[in-house]
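Comments concern the structure below.
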Amino acid sequence: MRDYWMSKMFFDLQNPALSAEFRSNREAFLKKYPLGEDVRKAIRDNDVPFLAARTNPYLLRYYFFSAGMKDDEFMRRLRDG
Amino acid sequence: MAEFAGAYAASHGPLLVRAWDRLPEDQRARLSAAYAELGRRIAAAKTDVLVVVAPDHWSNFFLDNVPAVCVGVGAENDGPPEDWMKAYPHRTIPGHASFASHLVNVSLENHFEPSVSHRLKLDHGFCIPLWKMGLQKLPRIVPIVVNSIEPPFPTVARCLEWGGVVRKAIKSWRGKERIAVLGTGGLSHSIGEKTMGAIDEKLDLQTIAHFSKTPAALISFLQKKLPKAGNGTEEVRNWLFAHGAAGGKGFELIDYLPVPGVYVGCGYAAWSATPASRRPGGPARRRP
């Protein structure tokens with residue numbers, strides 16, 4: 001399954017300027033995309049398995065790289081939730 | 001007529017740049033030697049044009065439009081857009097518009113329908129191998145983007161056949177350029193999925209062995225194994241382009257090593273262009 005707008009946001013966050021904007025005010029940035037409430041919550045909670053089920057795995061990785069999560073932590077959450 | 005100047009394959013991976021300094025010294029030495037050997041061969045073969053087959057890691061295309069195969073037909077393309085690839089010296093990369101258009105036309109005549117782009121961003125999949133090969137002079141780069149990132153993917157059988165079409169295009173090109181093919185990506189890796197970081201060395205060694213078997217054996221092996229392998233392993237499609245371009249013969253492993261620090265089973269290969277007697281400088285290259 002692909003959540004289009006969530007994936008679009010992850011795609012856009014490859015842009016360093018947008019990534020900086022996201023990190024400085026995450027809530028304001030999330031408002032720019034018509035995301036479902038469940039998706040917003042999963043992003044707030046770093047719910048990796050929920051997001052993984054709804055996007056491309058490379059985009060998922062870019063997102064968490066952009067959000068500043070270390071690979072070890074990302075891989076642990078991929079495995080264990 | 002143009003000459004087929006060889007085919008090559010090399011792995012790529014962002015951490016080969018971002019985490020290079022953290023890799024064990026012996027692994028860095030082997031990786032550097034493998035890339036350098038490919039670079040040496042490409043230079044020694046006096047390669048004028050290099051058709052580089054790589055995936056698009058979400059640099060050009062998004063879910064709006066994901067082509068199975070896209071040929072870069074522009075006079076030039078952009079260097080890698082990734083922030084961490086900024087040190088790569090080539091910010092624009094000359095293409096070969098007329099040969100690329102010929103390649104597209106030959107494809108269509110053979111009932112293969114690529115999409116075309118007049119300007120692509122050549123991301124790390126294209127540029128890490130080119131960078132690490134240390135080529136003094138970059139050949140003109142004709143990019144072919146093959147989707148192995150967002151399913152559904154072109155079949156492995158089709159990718160091998162595509163290699164044959166690339167070979168036909170090279171052999172029928174009216175110019176005198178020496179044209180080679182480089183497939184990048186693979187071998188086993190897993191990115192952004194549960195098995196992230198896992199390298200399947202056994203699968204990689206079997207895959208390598210199958211490049212010296214019949215096309216049917218190679219394809220049936222990959223059809224069976226890829227669905228259970230890490231997602232990055234799908235990039236072996238680009239090796240199939242190289243294999244097909246070489247006529248399915250002459251595979252030679254340059255090196256293989258699993259590199260946990262970059263999450264990739266790193267493989268390097270070359271396919272010889274011609275029998276030894278027809279190598280550059282040999283009698284067959286004298287023209288009337």
Side-chain angles (χ1 to χ4, degrees), chain A residues 1-24 29 32-36 39 42-43 45-81, chain B residues 12-19 22-23 54-66 78 80-86 121 123-125 145-153 185 188-199 229-235 259-264:
Chain A
M1 173 190 166
R2 295 289 182 259
D3 183 308
Y4 179 86
W5 288 111
M6 180 186 108
S7 301
K8 181 68 164 69
M9 189 179 91
F10 292 179
F11 177 83
D12 291 346
L13 283 171
Q14 292 180 86
N15 177 324
L18 294 178
S19 178
E21 195 184 319
F22 172 76
R23 284 195 307 271
S24 72
F29 195 88
K32 302 208 299 191
Y33 296 83
L35 302 171
V39 172
I43 289 174
D45 297 347
N46 285 331
D47 185 345
V48 173
F50 181 95
L51 301 174
R54 288 160 177 79
T55 194
N56 176 275
Y58 292 84
L59 286 175
L60 185 75
R61 187 188 185 202
Y62 294 165
Y63 166 70
F64 281 103
F65 180 65
S66 171
M69 187 183 281
K70 295 268 183 278
D71 270 3
D72 286 350
E73 169 75 0
F74 177 50
M75 285 150 78
R76 189 185 63 72
R77 285 176 182 263
L78 276 167
R79 269 194 321 270
D80 308 330
Chain B
H12 64 244
L15 296 178
L16 285 166
V17 171
R18 280 168 36 209
R22 300 199 293 271
L23 296 180
D56 178 62
H57 301 88
W58 301 108
S59 295
N60 295 278
F61 307 122
F62 181 59
L63 295 175
D64 307 64
N65 181 6
V66 185
D78 290 313
E82 297 94 332
D83 215 26
W84 45 269
M85 285 291 285
K86 284 235 166 79
K121 298 177 197 79
D123 71 23
H124 71 272
V145 172
V146 177
N147 176 28
S148 54
I149 298 293
E150 171 69 5
F153 306 132
S188 68
H189 55 295
S190 169
I191 301 299
E193 49 183 15
K194 271 190 177 198
T195 50
M196 180 160 165
I199 297 172
N231 55 354
T233 319
E234 303 281 358
E235 292 171 347
V259 184
V262 300
Y263 312 146
V264 177

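The chains referred to below are lettered A, B, ... by the order of the sequence lines, with proteins before strands, and numbering in each begins at 1.
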Smallest heavy-atom separation, A/Asn56 atom then B/Ile149 atom, equals ND2-O, 2.8 Å
Nearest heavy-atom contact between A/Arg61 and B/Arg18 is NH2-NH2, 4.0 Å
A/Leu60 and B/Gly192 have their tightest heavy-atom pair at CD2-O, 3.8 Å
Separation between OH (A/Tyr58) and CG (B/Asp56), nearest 0.5 Å, reads 11.5 Å
One option among A/Phe65, A/Phe10, A/Phe64 has the most heavy-atom pairs under 4.5 Å with chain B, and it is A/Phe65
task: For residues A/Leu59 and B/Phe62, determine if any side-chain heavy atom of one lies less than 4.5 Å from a side-chain heavy atom of the other.
output: yes
- Message: Below 30° counts as parallel, above 60° as perpendicular, anything between as tilted: where do the rings of B/Trp58 and A/Phe11 land?
- Response: perpendicular
The single option from A/Arg76, A/Arg79, A/Met75 that satisfies side chain to side chain contact (heavy atoms under 4.5 Å, CB included) with B/Met196 is A/Met75
Note: A/Pro57 and B/Ile191 closest approach over all heavy atoms is CB-O, 3.2 Å
Cut-off 4.5 Å, heavy atoms of chain A, and the answer for B/Asn231 is both
